[in-house]
Novice: 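Got a structure for you, written out below as structure tokens; questions coming shortly.
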Protein chains: 2
Amino acid sequence: MKPTLARGLDEASLQDLADLFQHLSDPRRLRLLLILSKGEHAVGELSAALGVTISAVSHQLQTLRQARLVACRREGKRILYHLDDVHVEQLVRMGREHVEE
Amino acid sequence: MKPTLARGLDEASLQDLADLFQHLSDPRRLRLLLILSKGEHAVGELSAALGVTISAVSHQLQTLRQARLVACRREGKRILYHLDDVHVEQLVRMGREHVEE
DNA sequence: CAGACACTTGAATACTTGTTCAAATGTTAA
DNA sequence: TTAACATTTGAACAAGTATTCAAGTGTCTG
């Protein structure tokens with residue numbers, strides 16, 4: 001096995017890591033992130049694409065934003081969201097490999 | 001916007017993927033998996049190492065077992081658990097990179 | 001400036017998940 | 001077979017999370 005894996009992981013880091021996975025643990029959020037992995041989109045577009053209310057998407061986006069997984073910029077009336085993390089796509093891709101086996 | 005945005009991942013796969021991350025989204029389970037990544041252990045040992053009741057660990061193990069992240073074998077009275085998934089360590093390591101930045 | 005549009009926010013409710021406790025299963029040894 | 005040990009299981013409760021609804025902020029257009 002790999003002894004290096006657990007070394008240097010204190011409770012706080014473990015909590016942070018768990019939090020990261022927590023954000024990836026919902027199919028709607030995952031879909032959201034997959035969509036954003038292809039380019040930035042406004043809240044209304046995401047709402048339509050996911051089939052949930054604008055408010056619900058907005059709440060999810062705030063959560064993802066606090067976790068620094070997404071970021072946004074205003075363009076006129078609209079607010080465009082995009083991925084803000086290089087690891088997210090990797091994580092999703094890796095998880096996908098697992099699931100597809 | 002359109003379904004093509006999320007092309008390549010149907011709802012079922014997305015749910016599976018979310019489920020996988022869900023199992024990694026708790027610090028105790030993560031610690032559990034880290035311990036098992038170093039070798040197999042009995043339920044009682046895990047309970048002691050994690051500081052939670054045997055029952056609680058057992059419940060967590062059942063969940064992880066259904067997700068095929070761990071497997072077990074009986075040895076006398078004891079039941080020894082071990083990791084049953086190659087991707088788990090990779091996922092944890094990758095998540096760690098993210099957290100440690 | 002008024003009104004429409006795009007989105008955010010807060011509080012309440014509804015849903016999910018985890019833990020506990022007690023009872024049940026399986027194993028070994030006397 | 002009985003007793004002790006190791007673990008599992010199910011139901012109930014507690015804690016955490018998500019969604020909704022209604023009200024609020026910020027931005028553009030006429």
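Lettering follows sequence order; numbering is per chain, from 1. Just so it is clear, the structure is predicted and the values come from calculations on it, not from any experiment.
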Novice: Within less than 4.0 Å of OP1 or OP2 of D/dT8, is there a side-chain N or O belonging to B/Y81?
Specialist: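 Answer yes for this pair, as a side-chain N or O of B/Y81 is under 4.0 Å from OP1 or OP2.
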
Novice: Can you find a heavy atom in the side chain of B/H82 that is under 4.5 Å from one in the side chain of B/H41?
Specialist: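 SC-SC contact between B/H82 and B/H41 ruled out.
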
Novice: In whole angstroms, how far is the C1' atom of C/dA6 from the NZ atom of A/K77?
Specialist: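 A/K77 atom NZ is separated from C/dA6 atom C1' by 8 Å.
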
Novice: Nearest to the side chain of A/A42, heavy atoms from C-beta on, is which of C/dC7, C/dG18, D/dT7?
Specialist: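 Looking only at heavy atoms from C-beta outward on A/A42, the closest nucleotide is C/dC7.
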
Novice: For the side chain of B/Q62 and the backbone of B/H59, is there at least one donor-acceptor N/O pair under 3.5 Å apart?
Specialist: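 No; zero donor-acceptor contacts below 3.5 Å.
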
Novice: Output the rounded distance in Å from CG (B/L50) to P (C/dT20).
Specialist: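 Spelled out: CG on B/L50 to P on C/dT20 is 12 Å.
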
Novice: Would you mind reading off the distance between B/R74 atom CZ and C/dT25 atom P, rounded to a whole angstrom?
Specialist: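 It works out to 14 Å between those atoms.
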
Novice: Identify, with sequence neighbours excluded, every residue that meets side chain to side chain donor-acceptor pair (under 3.5 Å) alongside A/Q60.
Specialist: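 In terms of side chain to side chain donor-acceptor pair (under 3.5 Å), with neighbours along the sequence ignored, A/Q60 is linked to no residue.
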
Novice: Are any non-hydrogen side-chain atoms of A/L36 and A/L46 less than 4.5 angstrom apart?
Specialist: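 Answer yes - side chains close enough.
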
Novice: Over how many whole Å does the gap from A/E75 atom CD to C/dA6 atom C1' extend?
Specialist: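 After rounding, the gap between these two atoms is 13 Å.
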
Novice: Would you mind reading off the distance between B/I79 atom CD1 and D/dC5 atom P, rounded to a whole angstrom?
Specialist: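 That distance rounds to 17 Å.
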
Novice: Has B/Q62 got a side-chain N or O lying under 4.0 Å from the OP1 or OP2 atom of D/dT7?
Specialist: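 Indeed not, no polar side-chain atom of B/Q62 lies that close.
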
Novice: Of all the nucleotides listed (C/dT19, D/dT7, C/dT17), which has the minimum atom distance to the side chain of B/Q22?
Specialist: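 Side chain of B/Q22 sits closest to C/dT17.
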
Novice: Mind checking B/R29 for me? I need base, sugar-phosphate or nothing, with any heavy atom below 4.0 Å counting as a touch.
Specialist: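 Contact class for B/R29: sugar-phosphate only.
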
Novice: Where each residue is assigned the nucleotide of DNA chain D containing its nearest heavy atom, which of A/V52 and B/G44 is assigned the position nearer the 5′ end?
Specialist: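 Its nearest nucleotide being more 5', the pick is B/G44.
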
Novice: Is B/R65 reaching over with its side chain to a backbone N or O of B/A67, donor-acceptor style, under 3.5 angstrom?
Specialist: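 Absent.
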
Novice: Does a side-chain N or O of B/Q60 approach OP1 or OP2 of C/dT17 to a distance below 4.0 Å, or not?
Specialist: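 It does not, given that no N or O in the side chain of B/Q60 lies less than 4.0 Å from OP1 or OP2 of C/dT17.
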
Novice: Tell me the bend of the helix from C/dC1-D/dG30 to C/dA30-D/dT1 as the angle between end helix axes, each from five pairs, rounded to the nearest 10 degrees.
Specialist: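 Roughly 20°, once rounded to the nearest ten degrees.
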
Novice: Is it the case that the side chain of A/S25 and the backbone of A/Q22 share a donor-acceptor pair, with hydrogens and angles ignored and the cut-off at 3.5 Å?
Specialist: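 Flag set: sc A/S25 to bb A/Q22 pair under 3.5 Å.
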
Novice: Does B/S37 reach the main-chain N or O of B/L34 with its side chain, forming a donor-acceptor pair under 3.5 Å?
Specialist: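 Side chain of B/S37 to backbone of B/L34: a pair is present.
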
Novice: A/H59 has a side chain; which of C/dA11, D/dT7, D/dA22 sits nearest to it?
Specialist: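 Nearest to the side chain of A/H59 among the choices is C/dA11.
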
Novice: What contact category does B/T53 fall into here, base, sugar-phosphate, or nothing, at under 4.0 angstrom with non-hydrogen atoms?
Specialist: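 Sugar-phosphate: the residue B/T53, judged by heavy atoms under 4.0 Å, touches backbone atoms but no base.
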
Novice: Using the side-chain heavy atoms of A/A56, tell me which of these nucleotides is nearest: D/dA18, D/dT8, D/dT19.
Specialist: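 Shortest atom-to-atom distance from the side chain points to D/dT19.
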
Novice: Return yes if the base of C/dT8 and the side-chain atoms of A/S55 contain a donor-acceptor N/O pair under 3.5 Å, otherwise no.
Specialist: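 Side chain to base: no pair present.
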
Novice: May I ask you to decide if B/R31's main-chain N or O and B/R29's side chain share a donor-acceptor pair within less than 3.5 Å?
Specialist: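 Judged by distance alone, no pair lies under 3.5 Å.
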
Novice: Measure CZ/B/R65 against C1'/D/dT9 and give the value in whole Å, please.
Specialist: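 About 12 Å, once rounded to whole Å.
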
Novice: Round to the nearest Å and state the distance from A/E45 atom CD to C/dA6 atom P.
Specialist: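 Atom CD in A/E45 sits about 11 Å away from atom P in C/dA6.
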
Novice: Calculate the interatomic distance between A/L61 atom CG and C/dA6 atom P; express it in whole Å.
Specialist: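 Distance check: A/L61 CG to C/dA6 P gives 16 Å.
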
